[in-house]
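Encoded as structure tokens, the structure appears first; notes follow it.
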Amino acid sequence: MIVRFGYVSMSVIVENASPSKTMTATHFQKIPDREAAIRKLERIAEQNLHNTLRLLKHNRAHDIHMYRFSSKLIPLLTHDILRTWDPFPTLKPAFKAVGDYVKEHKMRVSFHPDHFTVFSTPREEVLKNSIYDLEQHVNMLEAMELDARAKCNIHIGGTYGNKEESLQRFLKQFGALPTRIKQRMTLENDDKTFTSRETLTACEACNVPMVLDIHHHWVNDGGDDMTALWPSIVQTWKEEEIPPKIHVSSPKNEKNPRSHADFVEVTFLLAFLRAIAPSTERLDVMIEAKKKDEALFKLMSDLEGMEGVETLDQSTIRIG
DNA sequence: ACCTGTCAAGTCTGG
DNA sequence: CCAGACTTGACAGGT
């Protein structure tokens with residue numbers, strides 16, 4: 001099995017390269033000239049996209065083939081006070097430059113809209129905002145001219161005191177999304193609400209791939225063994241041109257088992273990789289650690305020399 | 001240069 | 001019905 005590692009959003013190594021600079025809504029509203037305020041937002045977005053490109057070049061220099069974009073590339077994009085704003089004409093060249101670089105170097109990229117995007121919600125307003133948020137993420141991928149291999153990953157959402165009803169509501173509301181969006185979606189198991197098995201069921205019903213988060217599974221396993229679920233999870237990727245993806249992070253400490261530690265504990269991950277290696281050809285592993293790319297390099301160094309682990313480049317191993 | 005409270009959004013818990 | 005926790009990078013306003 002060939003395993004590639006990636007990291008999320010920002011680098012702790014490249015300095016002054018935030019892809020998530022922003023402006024508060026309060027500050028925006030204090031600027032008397034709205035047109036000037038909007039130009040300022042667009043300038044921040046251009047800087048975020050420029051820094052994203054710098055990060056991709058950093059990734060390229062270190063053989064990192066997988067990366068998750070910040071969801072905050074365009075400040076206040078889906079805020080109520082900016083519903084009539086269309087920044088895409090202005091930002092098109094910057095988005096295209098990012099997309100061109102991704103394609104030129106055959107990188108795997110994604111978004112992870114945050115937990116305000118919830119399709120299990122019973123609230124009309126929240127559903128409306130969730131759809132709008134996803135649309136805007138897809139608009140960004142389309143502005144980069146990336147095809148449906150570039151995904152948006154979300155969770156199923158809250159349970160509202162009735163998990164079965166909430167799941168049914170999710171299936172109905174998520175299922176109603178247009179193909180343009182749904183073809184780019186993946187679903188991830190949650191650390192509090194929907195377990196791996198429940199998320200898998202939803203993925204099968206909606207015909208979208210499942211991203212297994214092995215840390216979330218560890219704190220919310222629903223009595224299931226993730227190795228036993230793995231063959232079915234792999235099946236949700238069978239129509240895709242990209243390998244299955246998992247998320248990995250390690251508990252911060254015993255008191256905060258759900259929080260993310262600075263680095264990734266190699267033992268837990270390696271045990272899972274060894275277990276699935278015989279039945280899996282390729283796997284992409286997204287590292288969700290506080291130390292971002294530094295955690296990736298530390299993990300690679302920890303894996304170096306482990307039995308049955310062969311290093312192929314700075315972010316890729318062969319195992320089993 | 002550095003520190004501290006605050007920030008768009010949702011959900012859950014506890015009072 | 002409302003406040004606070006959750007969690008997180010960065011702002012905003014201060015020294």
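Lettering of chains follows the sequences in order, A, B, ..., and the numbering in each one begins at 1. Bear in mind the structure is a predicted one, so any value in this text is a computation, not a measurement.
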I need the L55(A) CG to S9(A) OG distance, nearest 0.5 Å. 8.0 Å
Classify S18(A) by what it touches in the nucleic acid, base, sugar-phosphate, or nothing, heavy-atom distance under 4.0 Å. sugar-phosphate
For the P atoms, the ones on dT7(C) and on dG14(B), what distance do you get once it is rounded to whole angstrom? 16 Å
Taking dG5(B) as the reference, what is the distance to dG4(C) when you measure between their C1' atoms (whole Å, please)? 16 Å
Which residues pass the ring-ring contact (aromatic ring centres under 6.0 Å, His included) test with F174(A), not counting sequence neighbours? F119(A), F170(A)
Span of DNA chain C in contact with chain A (heavy atoms, under 4.0 Å): dT7(C) to dG13(C)
For dC1(C) versus dA8(B), give the span between their C1' atoms, rounded off to a whole number of Å. 22 Å
Please name all residues satisfying side-chain contact (heavy atoms from CB on, under 4.5 Å) with R39(A), sequence neighbours left out, ordered by chain then number. E35(A), A36(A)
Once side-chain contact (heavy atoms from CB on, under 4.5 Å) is applied, do any residues pair with Q235(A), and if so which ones, sequence neighbours excluded? K238(A)
Which Ile, Leu, Val, Met, Phe, Trp or Tyr residues join M66(A) in one cluster when any pair of side-chain heavy atoms under 4.5 Å counts as a link? V8(A), M286(A)
So which pairs with a foot in residues 171-181 of chain A pass salt bridge (Lys or Arg N to Asp or Glu O under 4.0 Å), sequence neighbours left out? E142(A)-R180(A)
Identify the stems formed by DNA chain B, where each pair is Watson-Crick or G-U wobble with both distances under 3.5 angstrom and a stem is at least 3 consecutive pairs. B:1-7 with C:9-15, B:10-15 with C:1-6
Base, sugar-phosphate or nothing for K21(A)? Non-hydrogen atoms, less than 4.0 Å. sugar-phosphate
Under the 6.0 Å and 45° cation-pi test, does K163(A) pair with F194(A)? yes
Would you indicate what K30(A) reaches in the nucleic acid, counting non-hydrogen atoms under 4.0 angstrom: base, sugar-phosphate, or nothing? sugar-phosphate
Show me the donor-acceptor pairs within less than 3.5 Å that the side chains of residues 208-217 of chain A make with the rest of the protein, sequence neighbours left out.
| unit_1 | atom_1 | unit_2 | atom_2 | d |
| --- | --- | --- | --- | --- |
| D213(A) | OD1 | H215(A) | N | 3.0 |
| D213(A) | OD1 | H216(A) | N | 2.9 |
| D213(A) | OD2 | H216(A) | ND1 | 3.4 |
| H215(A) | ND1 | S249(A) | OG | 2.7 |
| H215(A) | NE2 | P257(A) | O | 2.8 |
| H216(A) | ND1 | E188(A) | OE2 | 3.2 |
| H216(A) | ND1 | N189(A) | O | 3.0 |
| H217(A) | ND1 | S196(A) | OG | 2.7 |
| H217(A) | NE2 | D224(A) | O | 2.9 |

Applying salt bridge (Lys or Arg N to Asp or Glu O under 4.0 Å) as the test, list every pair that has at least one member in residues 57-67 of chain A; sequence neighbours left out. none
Using a 4.0 Å heavy-atom cut-off across all strands, classify K252(A) as base, sugar-phosphate, or nothing. nothing
Among residues two or more places apart or on two chains, list those pairs meeting side chain to side chain donor-acceptor pair (under 3.5 Å) that have a residue in residues 122-131 of chain A. R83(A)-N129(A)
Along nucleotides 4-13 of chain B, 5' to 3', which nucleotides get a B, which get an S, and which get a -, given that the test is a protein heavy-atom distance under 4.0 Å? ----BBBSS-
Transitive ILVMFWY cluster of V118(A), excluding itself - 4.5 Å side-chain cut-off: V126(A), Y160(A)
